[in-house]
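Shown next, in structure tokens, is the structure this report addresses.
Everything numeric in this text was worked out from a predicted model, so none of it was measured.
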Amino acid sequence: MTLLTARDIREIAADIGLRPTKQKGQNFVIDPNTVRSIVTSAKLADHSSVVEVGPGLGSLTLGLLEAGHHVTAVEIDDVLATRLPATVEKYGQTAAAADETANFELVNADALKVTELPTAPDALVANLPYNVAVPVLLHFLEIFPSLTSVLVMVQLEVAERLAAGPGSRTYGVPSVKAQWYGDVTLAGRIGKNVFWPAPNIDSGLVHIDVTRTHRDPEQRRRLFSVVDAAFAQRRKTLRAALATWAGGPQRAEELLRAAGIDPKTRGEALGVDDFERLAAAGAASERGATSMNAAAGATSGNTLTPDDEDTLENPQESAQS
């Protein structure tokens, strides 16, 4: 297996008439040593089934194949998707080339709309386009419960935000949502000079050890809803920030206290466990309200009106009337 060099990248791009655009977040890794470092940082088990989002010209794809992994590449760009199989075949010219080609599958689709893959992935390894990095990451974690490990390269600022802990100024919605799935850590920093074209800022590697094996969709929806509300007005206390979510500031305070959280706290101070307790308190409140309404409906259905009472007391008069 031969990995792509800067010269290879430019030649392939020229051959297909590609001009990288910021709009598509296209920055291609041109250094083989960096590619191998990324694959090592992924800490993959032998012969892992990897899904790679945004393979581009194939730098990381070849690195993953070289390490003996099965790769399912998801590429939205028709031109890039058309060329990628030829690149894998050409640069995989070794004694094991046939096996490496067999270990490669391509899905030409928008990653945010992908709901199934030809091979169930146990790892996500990708150089994510900066403009859709967080949505793509969360989408794959939601849709593919088979994932147990993630390593993504994103803008350094995004990487720091994903791995930030409570109390940090960079801690926010992406942090909580990613950390709900497992342990999120910064796995390295990648300089801008190993890309073509070179971005304006450095990139960061984010590793996620996916520990949440049970992912109840309704539990996730409730949790993410309260997280969104808590950070929508992050400078406000949770009593105020959660007023709309809870149905009023007083109700928000009641739910916060039920979850053991000071209503004067701000969202940035809560960890994943805190948000889980709060979401559970909200769910319990909803169930209680539903039960009360059902009971009230049953009672009202059995309530006698004045006319009903007269009918029971004077059945003959009722029958004659």
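Side-chain contact between Leu186 and Leu162 is absent, with no heavy-atom pair separated by less than 4.5 Å. Side-chain atoms of Gln219 and Glu276, non-hydrogen and from C-beta on, do get closer than 4.5 Å to each other. Val39 is not listed as a side-chain neighbour of Val125, based on a closest heavy-atom distance of 4.5 Å or more. In this structure the side chain of Phe231 reaches within 4.5 angstrom of the side chain of Glu268, judged on heavy atoms. Here the side chains of His69 and Asn103 are not in contact, with every heavy-atom distance at 4.5 Å or above. By the 4.5 Å heavy-atom criterion applied to side chains, Leu255 and Glu253 are not counted as neighbours. Ile12 has its side chain within reach of Tyr91: a pair of non-hydrogen atoms, C-beta onward, lies under 4.5 Å apart. Considering only heavy atoms from C-beta on, Pro199 stays 4.5 Å or farther from Tyr130 through its side chain.
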- Task: Report the C-alpha distance between Ile208 and Leu151 in whole Å, list the side-chain angles of each, state the deciding distance to 0.1 Å, and finish with yes or no for side chain to side chain contact (heavy atoms under 4.5 Å, CB included).
- Result: CA-CA 6 Å; Ile208 304 178; Leu151 184 84; over 6 Å; no
- Message: Go through it in stages, so that I can follow the logic: the residues are Glu157 and Arg189, the test is salt bridge (charged side-chain N to carboxylate O under 4.0 Å, His left out), and I'd like the CA-CA distance, side-chain angles, deciding distance and then a yes or no.
- Response: CA-CA 11 Å; Glu157 178 184 351; Arg189 182 170 180 160; over 6 Å; no
- Item | Pair Leu117-Phe144, side chain to side chain contact (heavy atoms under 4.5 Å, CB included): steps then yes or no | CA-CA 9 Å; Leu117 293 169; Phe144 298 102; 3.7 Å; yes
- Hey, mind stepping through Val29 and Leu60 against side chain to side chain contact (heavy atoms under 4.5 Å, CB included) and telling me if it holds? CA-CA 8 Å; Val29 181; Leu60 183 55; over 6 Å; no
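Under the 4.5 Å side-chain heavy-atom criterion for grouping Ile, Leu, Val, Met, Phe, Trp and Tyr, Val206 is not connected to Leu156 through any hydrophobic cluster. The hydrophobic cluster containing Val272 also contains Val150, counting ILVMFWY residues as joined when their side-chain heavy atoms lie under 4.5 angstrom apart, directly or transitively. Put simply, Val184 and Val210 are part of the same group of oily side chains (I, L, V, M, F, W, Y) that touch within less than 4.5 Å, one to the next. Under the 4.5 Å side-chain heavy-atom criterion for Ile, Leu, Val, Met, Phe, Trp and Tyr, Leu57 and Val50 are members of the same hydrophobic cluster. With hydrophobic clusters built from ILVMFWY side chains whose heavy atoms lie under 4.5 angstrom apart, Leu106 does not share a cluster with Leu112.
Atom CG of Leu18 sits about 12.0 Å away from atom CZ of Arg10, to the nearest 0.5 Å. Rounding to the nearest 0.5 Å gives a distance of 7.5 Å between CZ of Arg161 and OG of Ser175. Thr185 OG1 to Gln179 CD: the interatomic distance, rounded to the nearest 0.5 Å, is 10.0 Å. Between atom CG of residue Asp273 and atom CG of residue Leu278 there is a gap of 12.5 Å, rounded to the nearest 0.5 Å. The line from CE of Met153 to CD1 of Ile38 is 3.5 Å long, rounded to the nearest 0.5 Å. Between the CG atom of Leu3 and the OG1 atom of Thr61 there is a distance of 10.5 Å, given to the nearest 0.5 Å.
Note: Trp180 and Phe275 fail the aromatic proximity criterion, with ring centroids not under 6.0 Å apart.
Minimum interatomic distance between Leu62 and Thr2 (heavy atoms only, all atoms of both residues): CD1-O, 3.7 Å. Scanning all heavy atoms of the two residues, the minimum distance from Arg239 to Pro249 falls at NH1-CB, 3.3 Å. Here the closest non-hydrogen pair linking Pro197 and Pro20 is CD-CB, 3.5 Å. Across all their heavy atoms, Ala229 and Trp245 have their closest contact at CB-CB, 3.9 Å. Closest heavy-atom contact between Ala120 and Ser49: O-OG, 3.1 Å. Considering all non-hydrogen atoms of both residues, His207 and Ser149 come closest at NE2-OG, 3.5 Å.
A donor-acceptor contact shorter than 3.5 Å is absent between the side chain of Arg257 and the backbone of Ala252. Distance alone, capped at 3.5 Å, places no donor-acceptor pair between the Ser37 side chain and the Asn33 backbone. In this structure, the side chain of Asp228 does not engage the main chain of Ser225 through any donor-acceptor pair within 3.5 Å. Under a 3.5 Å cut-off, the side chain of Tyr181 and the backbone N or O of Asp209 do not form any donor-acceptor pair. Between the side chain of Thr170 and the backbone N or O of Ala164 there is no donor-acceptor pair closer than 3.5 Å. A donor-acceptor contact shorter than 3.5 Å is absent between the side chain of Arg222 and the backbone of Ala279. Within the 3.5 Å criterion, the main-chain N or O of Leu4 finds no donor-acceptor partner in the side chain of Ser59. A donor-acceptor pair under 3.5 Å is formed between the side chain of Arg277 and the backbone N or O of Ala259. For the pair Asp122 (side chain) and Leu147 (backbone), a donor-acceptor distance under 3.5 Å is absent. Between the side chain of Thr237 and the backbone N or O of Thr265 there is no donor-acceptor pair closer than 3.5 Å.
More than 12 heavy-atom neighbours from other residues, nucleotides or ligands sit within 6.0 angstrom of CD on Glu218.
Of the options Ile190, Ile9, Ile30, a side chain to side chain contact (heavy atoms under 4.5 Å, CB included) to Phe195 is made by Ile190 and by none of the others. Partner of His139 under the side chain to side chain contact (heavy atoms under 4.5 Å, CB included) criterion, out of Ile143, Leu141, Leu137: Ile143 alone.
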Per-pair distances, 0.1 Å, donor-acceptor, side chain in residues 73-85, under 3.5 Å, sequence neighbours excluded:
from: Glu75; atom 1: OE1; to: Gly56; atom 2: N; distance (Å): 3.1
from: Glu75; atom 1: OE2; to: Asp77; atom 2: N; distance (Å): 3.0
from: Asp77; atom 1: OD1; to: Val79; atom 2: N; distance (Å): 2.9
from: Asp77; atom 1: OD1; to: Leu80; atom 2: N; distance (Å): 3.0
from: Asp77; atom 1: OD2; to: Lys24; atom 2: NZ; distance (Å): 3.1
from: Asp78; atom 1: OD1; to: Asn108; atom 2: ND2; distance (Å): 3.4
from: Thr82; atom 1: OG1; to: Asp78; atom 2: O; distance (Å): 2.7
from: Arg83; atom 1: NH1; to: Asp15; atom 2: OD2; distance (Å): 2.4

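In this structure, Asn193 has no side-chain hydrogen bond (donor to acceptor under 3.5 Å, both in side chains) partners at least two apart in sequence or on a different chain. A search for side-chain contact (heavy atoms from CB on, under 4.5 Å) contacts involving Ala109 returns Val107, Val114, not counting sequence neighbours. Taking Asp31 as the reference, Thr34 meet the side-chain hydrogen bond (donor to acceptor under 3.5 Å, both in side chains) condition, with sequence neighbours excluded. A search for side-chain hydrogen bond (donor to acceptor under 3.5 Å, both in side chains) contacts involving Thr5 returns Asp8, not counting sequence neighbours. Asp262 pairs by the side-chain hydrogen bond (donor to acceptor under 3.5 Å, both in side chains) definition with nothing, not counting sequence neighbours.
Of the N and O atoms on the side chains of Glu105 and His70, at least one donor lies less than 3.5 Å from an acceptor on the other residue.
Note on Arg215 versus Glu142: no salt bridge recorded, every NZ/NE/NH1/NH2 to OD/OE distance being 4.0 Å or above.
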